[in-house]
There are 2 protein chains.
Amino acid sequence: MNAEEIRQSLEGRGLRCTPQRYAVMAFLMESNRHPTAAEIFEGVNHMDPRSSRATTYNNLRDLVQAGLVREVAVEGRAARFDAKGMRHHHFICDRCGNVEDIEWYNVPRPASKSIGKRVLRECEVIFRGLCTKCAPRHATR
Amino acid sequence: MNAEEIRQSLEGRGLRCTPQRYAVMAFLMESNRHPTAAEIFEGVNHMDPRSSRATTYNNLRDLVQAGLVREVAVEGRAARFDAKGMRHHHFICDRCGNVEDIEWYNVPRPASKSIGKRVLRECEVIFRGLCTKCAPRHATR
DNA sequence: ATATCAGATTAGATTCATTCTAAATTATTC
DNA sequence: GAATAATTTAGAATGAATCTAATCTGATAT
């Protein structure tokens with residue numbers, strides 16, 4: 001997604017494409033990691049020192065509500081964010097807490113009796129274990 | 001798990017079975033919901049008004065480290081907790097944010113090339129959609 | 001080009017969630 | 001009962017996120 005696509009996706013959802021909002025979106029789209037709001041603010045503020053922490057939070061909230069960004073479900077104090085591009089699962093390292101993308105694949109749905117009358121929209125898998133940095137060299141699998 | 005089992009599981013992990021710690025553990029074990037630390041503190045403090053918020057937080061941290069309690073991966077500001085009993089998946093409602101247990105079933109592991117050299121310990125599924133309270137009466141499935 | 005309006009930004013204050021601190025208490029062991 | 005170490009306490013402190021009122025800025029109309 002390039003600059004024009006970002007603009008179109010923002011305006012298509014009734015959001016103005018301000019430099020600050022664009023910067024948040026661009027930061028997330030080129031980030032493979034799942035940054036916290038503070039990390040996003042630091043990255044955005046590095047390029048434009050006048051930009052405000054509250055603006056970054058406001059923009060994140062608006063982008064999540066607009067469906068362009070998602071908050072990643074992870075444990076820990078700070079929320080983490082992800083631009084909604086290709087769907088993917090997540091891998092969370094038990095040791096260092098790092099969150100990585102894992103290629104999407106459809107998981108089988110659970111038995112109907114488990115789901116009951118709920119309306120299922122998505123099944124996301126959270127994998128846990130040790131990431132490549134934290135795994136021992138000769139891992140048994 | 002009854003009182004004696006709680007005591008044994010605490011002491012088996014080098015933790016004293018204090019009334020406050022027992023109360024946190026018991027609260028989580030009889031709670032089907034996934035309470036926040038504040039909700040746990042309120043419940044525990046209701047029964048023993050002298051108990052301290054810091055104690056509840058300290059005990060939650062110790063219980064998580066001891067492997068008796070787990071922090072549930074959800075979005076939002078406050079962490080949520082779950083006693084580790086039977087393994088289960090979670091369902092998060094898009095509308096009300098409620099977190100419910102879904103019976104465990106093993107999901108197929110992803111392709112080896114997706115996982116690479118990571119060491120996989122667990123695959124938890126997060127289901128999202130509308131819970132039974134929020135779903136329309138005649139839901140299409 | 002100017003005026004108007006509504007969305008957005010700003011900077012610091014405020015709130016919420018969680019952790020820290022030092023003193024006191026309590027459970028365990030001898 | 002004494003000693004020791006774990007734990008609790010109550011409030012302070014910190015980190016994360018939100019609020020506020022004033023100001024700025026982009027879009028639109030003229």
Side-chain angles (χ1 to χ4, degrees), chain A residues 3 6-27 34-66 68-81 97, chain B residues 3-4 6-8 10-25 27 34-66 68-69 71-81 97:
Chain A
I6 291 183
R7 164 181 291 279
Q8 287 178 357
S9 57
L10 287 169
E11 295 182 351
R13 288 168 172 78
L15 296 172
R16 289 185 180 177
C17 186
T18 66
Q20 296 88 346
R21 185 171 284 151
Y22 177 90
V24 168
M25 197 65 210
F27 185 93
H34 304 77
T36 63
E39 289 164 346
I40 298 166
F41 171 64
E42 280 161 26
V44 162
N45 188 255
H46 180 75
M47 293 186 290
D48 175 6
R50 283 194 61 210
S51 71
S52 159
R53 180 181 304 273
T55 301
T56 297
Y57 275 90
N58 287 340
N59 280 323
L60 281 169
R61 184 199 59 230
D62 291 344
L63 293 167
V64 167
Q65 282 177 349
L68 294 170
V69 161
R70 117 190 74 216
E71 184 178 344
V72 182
V74 292
E75 302 93 3
R77 277 180 79 170
R80 291 187 170 274
F81 297 90
Chain B
E4 187 52 30
I6 292 182
R7 165 182 289 278
Q8 286 178 357
L10 287 168
E11 296 182 348
R13 287 170 172 81
L15 295 172
R16 291 181 178 179
C17 186
T18 67
Q20 296 87 348
R21 183 169 285 148
Y22 176 89
V24 168
M25 196 65 211
F27 186 93
H34 302 76
T36 63
E39 289 164 347
I40 297 166
F41 169 64
E42 280 162 26
V44 162
N45 186 256
H46 180 75
M47 293 185 289
D48 173 9
R50 281 197 62 210
S51 71
S52 161
R53 182 180 304 273
T55 300
T56 298
Y57 275 90
N58 287 341
N59 280 325
L60 281 169
R61 182 198 61 229
D62 290 344
L63 293 167
V64 168
Q65 283 176 350
L68 294 170
V69 161
E71 184 179 342
V72 182
V74 291
E75 301 91 4
R77 276 180 79 169
R80 290 186 172 273
F81 297 90

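Note on naming: letters A, B, ... go to the chains in the order of the sequence lines (proteins, then strands), and numbering restarts at 1 for each one.
As judged by a 4.0 angstrom heavy-atom cut-off over every strand, A:Asp62 is placed among residues making no nucleic acid contact.
Residues passing the side-chain contact (heavy atoms from CB on, under 4.5 Å) test with B:Asn45 are B:Phe41, B:Ser51, sequence neighbours excluded.
Closest non-hydrogen pair, B:Cys17 versus B:Glu11, comes out as CB-OE2, 3.9 Å. Of all non-hydrogen atoms in A:Ala66 and A:Leu15, the two that sit nearest each other are CB-CD1, 3.8 Å. The two residues B:Arg21 and B:Leu10 come nearest to each other via the heavy atoms CD-CD2, 3.8 Å. The two residues A:Tyr22 and A:Ala3 make their nearest non-hydrogen contact at OH-CB, 3.2 Å.
Between the side chain of A:Arg80 and the backbone N or O of A:Val72, no donor-acceptor pair lies under 3.5 Å. Using modelled atom types, one side-chain atom of A:Glu71 and one backbone atom of B:Gly76 make a donor-acceptor pair closer than 3.5 Å.
Between B:Thr55 and D:dT9 there is a side-chain polar atom (N or O) within less than 4.0 angstrom of OP1 or OP2.
Atom-to-atom, CG of B:Leu60 to P of D:dT7 comes out at 14 Å; the value is rounded to the nearest Å. Put simply, CD on A:Glu11 is 13 Å from C1' on C:dG7, counting in whole angstrom units. We find that CD of B:Glu71 is positioned 12 Å from C1' of C:dA17, with the value rounded to whole Å. Following rounding to the nearest Å, A:Phe41 (CZ) and C:dT9 (C1') show an atom-to-atom distance of 12 Å. Rounded to a whole Å, the CG atom of A:Asp48 is 14 Å from the C1' atom of D:dT25.
Less than 4.0 Å separates DNA chain C from at least one heavy atom of each of the following residues of residues 12-22 of chain A: A:Leu15, A:Arg16, A:Thr18, A:Gln20, A:Arg21.
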Practice problem: Classify every nucleotide of nucleotides 11-21 of chain D by which part a protein heavy atom approaches to under 4.0 Å, writing B for the base, S for the sugar-phosphate alone and - for neither, in 5'-to-3' order. | Solution: B--BBBBBB--

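A:Asn59 contributes atom CG, which lies 14.0 Å from atom CZ of A:Phe27 (distance to the nearest 0.5 angstrom).
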